[in-house]
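What follows is one structure encoded as structure tokens, with my remarks underneath.
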Amino acid sequence: MTSQSGVEMTDKRYEMKAYGYLKLDKVKEAREEAAHIQSQDLNQKIETYEKTKKEIEETKKQVDEENKKEKKDENKIKSLTDQRKKQEELLKNL
């Protein structure tokens, strides 16, 4: 329910709509909603979201590469997995 006729879009509504899009992993749409208002905090959160998503993907790649090795470093895999969990928790709390 992202659009409803007869409802005035206030800055707060644009902001909440942008957060909703972020929760759905729709960064492009979140940026479009943020463009309607001048919120440095919202823009910063969108940038943080994008950065964290990239970090999570990189960590996943590192774990996959480590798992493919013949001599696996279990401590490194555990460390990377813990790091990924922290990154995912950060995304949830944005």
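- Scanning for side-chain hydrogen bond (donor to acceptor under 3.5 Å, both in side chains) contacts around Y14 gives an empty result, with sequence neighbours left out.
- Here the closest heavy-atom approach between residue A18 and residue A30 is recorded as O-CB, 3.5 Å.
- Considering only heavy atoms from C-beta on, K45 comes within 4.5 Å of Y19 through its side chain.
- Listed by chain and number, the residues in a side chain to side chain contact (heavy atoms under 4.5 Å, CB included) with S39 are I37, D41, L42 (sequence neighbours excluded).
- N67 meets the side chain to side chain contact (heavy atoms under 4.5 Å, CB included) test with V63, K72, I77; sequence neighbours excluded.
- Partners of K69 by side-chain hydrogen bond (donor to acceptor under 3.5 Å, both in side chains), not counting sequence neighbours, listed by chain and number: E66.
- In this structure, CD on E74 lies 12.5 Å from OG on S79, to the nearest 0.5 angstrom.
- Applying the salt bridge (charged side-chain N to carboxylate O under 4.0 Å, His left out) test to every pair with at least one member in residues 85-94, sequence neighbours left out, gives these pairs: R84-E88.
- The side-chain hydrogen bond (donor to acceptor under 3.5 Å, both in side chains) search around N43 returns none, not counting sequence neighbours.
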Side-chain donor-acceptor pairs of residues 52-60 under 3.5 Å, sequence neighbours excluded:
residue, atom, partner, partner atom, Å
T52, OG1, T48, O, 2.8
T59, OG1, E55, O, 2.9
T59, OG1, Q87, OE1, 3.2

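- In this view, D11 satisfies the salt bridge (Lys or Arg N to Asp or Glu O under 4.0 Å) rule with no residue, not counting sequence neighbours.
- Residues meeting the side-chain hydrogen bond (donor to acceptor under 3.5 Å, both in side chains) test with E32, sequence neighbours left out: none.
- Residues forming a salt bridge (Lys or Arg N to Asp or Glu O under 4.0 Å) with K61 (at least two apart in sequence, or on another chain): none.
- Considering all non-hydrogen atoms of both residues, I46 and A34 come closest at CD1-CB, 3.8 Å.
- Residue pairs that meet the ring-ring contact (aromatic ring centres under 6.0 Å, His included) test with at least one member in residues 43-87, sequence neighbours left out, do not exist here.
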Before you tell me yes or no, could you show the steps for D82 and K78 under salt bridge (charged side-chain N to carboxylate O under 4.0 Å, His left out), namely the whole-Å CA-CA distance, both residues' side-chain angles and the distance that decides it to 0.1 Å? CA-CA 6 Å; D82 290 343; K78 184 181 180 335; 3.1 Å; yes

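- The only member of K28, K23, E29 that meets side chain to side chain contact (heavy atoms under 4.5 Å, CB included) when paired with K26 is E29.
- Looking at residues two or more places apart in sequence or on another chain, you find a side chain to side chain contact (heavy atoms under 4.5 Å, CB included) between K12 and T10, E15, M16.
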